[in-house]
Amino acid sequence: MEQQHLSVTDSRTGKEYTIPIEGDYVRAADIAKIGAPEGKIDLAALQAAHPLRVIDNGFANTACMESSITHIDGLRGTIRYRDFPIEGLFHEYIYEDVMHLIIWGHLPNDQQKAHVREAMAKAMNPPQSVKDVITAFPRDSETFPMILAGMSAFAASDSVVCKTRHQQSAMFHGHLDVADEALVRTIGYLATTISLIYCHKNEKTWTAPEPERNLLGNLLLMMGIADPQVEKCLAKLWILYADHEMTNSTAAVLHAGSTLIDPVAAITAGIICGYGPLHGGAIDLAYEGFRAIGTPERVPPFIERIKAKGGRLFGYGHRVYKTRDPRVSLIEELLKEHRDAVDANPLLRVAMAVDKYANQDAYFIERGLKANADLMGCFLYTAMGFDTDMIIAITILSRVPGALAHWRESLTQPVKLWRPQQKYKAPLAN
Ligand code: ACO
């Protein structure tokens, strides 16, 4: 088939260029050839020639990675992990299987599961420094800074991680065996940190992990939560949050990772983004919004205030989906399954009234704003007995294996520091 291309004439010079199209993409490097001097390019000549650049605030139309992990079709409303539709995975598997699929590209056998369980449980045992750091916080502290402190203390105790900064050559690039061990430890560190925070805040005794349990099983064990219904529910819910292609937080992990830093540090960058109100933090703010509304009758004035630009409706809108987020229907299935526990929370009726009102309103329809997975996700957590200040932390843990799958994938590609450009627009004196 003939190579698809763009034919471009630069009106500044009258020169013509052929820009190859691969799939639906053009390469920024090919755009940079427009206006660039021909032949061998030295930096001074390049700057003088003003080659064409792309400016894209918020990366709304720029791909920064080529990936084979998750495919999202935002117009049809579909998600596929490693080409498996999310609905099939949700109905037939549990989170542990999907975690393996996303990271290593295949569904695991029993031996593979046992191997990862054992290594992760080993990493979950915290040194005293981690316990001390968490318990040094007042019990009513924000969860997020406590997580950063716990992860830092874990990083300081990990000899491989500590070595990363002093290596002349890449420690993880091209060394997937070393990377796999480190990423499994990283997931374990976050699970333990969250469980220690939960126990400290709730004045509960922390329980040591067991090598035959999976990530979720050990998280709940360490937290002292013994109800099998909770594990059953989260083992499904977490599938929906396991990966979401190049999100803000995954991009942060890769951005940090591109400096050749270790996975604990890279994942910390992602955790920071994961807490932001416009990203993972929306799950908490959506719930706060329902609390502020209080009853379904008070939904219309609340939404009218938002339409008058008095804020955003959290749990609504998405950069990729311009239709209903496919995870919402699967969350609704879980809500039905756990109806008794969920219905006990009167705010669910408020959330449903919000969705009904916004879904039929011209403001939201015209802008393609629909419910996202953060609108209702919190209700399963509250029904399972979690305080709202732990919900984002637990949701982030369910995403961390996905983000690390992208980090692992980046290790199979040539080392390339991520360094975007800016357009300088203030005047220069000379
Ligand atoms: N409530 C009200 N108005 C909204 C919302 C919202 N939730 N989302 C977007 N808009 C409006 C904007 O005000 C803007 O209106 P305008 O054209 O009159 O100026 C228009 O829709 C486009 O908004 P952008 O911010 O340019 O859209 P973008 O694609 O960048 O935003 C985002 C995506 C950040 C998710 C946005 O929809 C939002 O803020 N949602 C609320 C926060 C949220 O739920 N985040 C979770 C997303 S899922 C996740 O990350 C885990």
Side-chain angles (χ1 to χ4, degrees), residues 55-63 70 72-75 77-79 86 144 237-253 269-293 299-331 350-351 353-381 388 391-403 406:
I55 183 155
D56 184 9
N57 289 341
F59 306 115
N61 195 32
T62 300
T70 296
I72 297 178
D73 184 329
L75 294 179
T78 59
I79 304 178
I86 195 170
F144 159 62
L237 181 64
W238 277 22
I239 291 175
L240 309 181
Y241 291 94
D243 190 46
H244 216 216
E245 52 117 296
M246 193 51 60
T247 63
N248 179 288
S249 46
T250 299
V253 171
I271 291 170
I272 290 169
C273 295
Y275 263 81
L278 294 188
H279 190 25
I283 196 166
D284 206 8
L285 286 161
Y287 196 79
E288 290 299 322
F290 305 144
R291 241 204 282 255
I293 297 169
V299 166
F302 179 85
I303 298 217
E304 291 305 320
R305 217 170 30 250
I306 284 170
K307 285 163 58 182
K309 300 294 184 194
R312 290 200 168 206
L313 181 56
F314 287 93
Y316 241 72
H318 203 277
R319 177 61 64 76
V320 179
Y321 299 114
K322 298 305 163 201
T323 183
R324 197 173 158 86
D325 181 335
R327 298 169 298 176
V328 176
S329 311
L330 300 171
I331 289 174
V350 177
V354 165
D355 192 22
K356 193 166 169 209
Y357 192 96
N359 207 21
Q360 293 168 357
D361 189 282
Y363 173 97
F364 295 91
I365 294 170
E366 280 161 15
R367 290 168 177 77
L369 304 171
K370 300 270 182 191
N372 64 48
D374 288 345
L375 188 73
M376 303 283 187
C378 48
F379 287 100
L380 286 157
Y381 282 109
T388 51
I391 293 178
I392 309 176
I394 298 171
T395 311
I396 285 176
L397 176 60
S398 65
R399 171 61 56 79
V400 156
H406 288 268

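None of these values were measured; they are calculated from a predicted model. Atoms within each ligand, like the ligands themselves, are counted from 1 in listed order.
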With heavy atoms of [X] as the reference, note each atom of ligand 1 found under 4.0 Å away.
| X | answer |
| --- | --- |
| Arg312 | 1 (N), 8 (N), 9 (C), 12 (C), 13 (O), 25 (O), 36 (C), 38 (C), 39 (O) |
| Ile306 | 2 (C) |
| Asp374 | 46 (C), 48 (S), 49 (C), 51 (C) |
| Tyr363 | 2 (C), 3 (N), 4 (C), 11 (C), 13 (O) |

**Heteroatom distance test (Leu313, ligand 1): nitrogen or oxygen, under 3.5 angstrom** =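 Between Leu313 and ligand 1, an N or O pair is found under 3.5 Å apart.
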Quick test: of every protein heavy atom, which one is nearest to [atom], and how far off is it to 0.1 Å?
| atom | value |
| --- | --- |
| atom 20 (C) of ligand 1 | Arg367 CD, 3.8 Å |
| atom 9 (C) of ligand 1 | Leu369 CD2, 3.5 Å |
| atom 49 (C) of ligand 1 | His279 ND1, 3.7 Å |
| atom 40 (N) of ligand 1 | Tyr316 O, 2.8 Å |
| atom 30 (O) of ligand 1 | Arg319 NH2, 2.9 Å |

**Message:** Using heavy atoms and a 4.0 Å limit, tell me yes or no: is Lys309 in contact with ligand 1?
**Reply:**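 Contact present.
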**Request:** Mark the output for Gly315 as yes if a heavy-atom distance to ligand 1 is under 4.0 Å, and as no if none is.
**Result:**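 Yes, that is the case, since the closest heavy atom of the residue is under 4.0 Å from the ligand.
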**Request:** Please confirm whether Arg324 makes a cation-pi placement over Tyr321, using NZ or CZ under 6.0 Å from the six-membered ring centre and within 45° of the ring normal.
**Result:**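 No, Arg324 does not lie over the aromatic ring of Tyr321.
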Can a donor-acceptor pair be found between the side chains of [X] and [Y] at a distance below 3.5 Å?
| X | Y | value |
| --- | --- | --- |
| Ser249 | His279 | yes |
| Tyr316 | Asp374 | no |
| Glu304 | Tyr357 | yes |
| Thr62 | Asp56 | yes |

**Prompt:** So do Ile72 and Thr78 actually touch side chain to side chain, heavy atoms under 4.5 Å?
**Reply:**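 They are not in side-chain contact.
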**Prompt:** Where does Leu278 meet ligand 1, judged by heavy-atom distances below 4.0 Å: at the side chain, the backbone, both, or neither?
**Reply:**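 Within the 4.0 Å criterion, Leu278 contacts ligand 1 through backbone and side-chain atoms alike.
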**Message:** Closer than 3.5 angstrom, by distance alone: can the side chain of Arg319 be matched with the main-chain N or O of Gly58 as a donor-acceptor pair?
**Reply:**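 Between the backbone of Gly58 and the side chain of Arg319 there is a qualifying donor-acceptor contact (under 3.5 Å).
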**Asked** Which pair of non-hydrogen atoms, one from Leu375 and one from Phe314, has the smallest distance, and what is that distance?
**Response**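 Taking every non-hydrogen atom into account, CD1-O, 3.8 Å.
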**Asked** Is any NZ, NE, NH1 or NH2 atom of the basic residue among Lys370 and Asp325 found under 4.0 Å from an Asp or Glu carboxylate oxygen of the other?
**Response**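 No, no charged N to carboxylate O under 4.0 Å.
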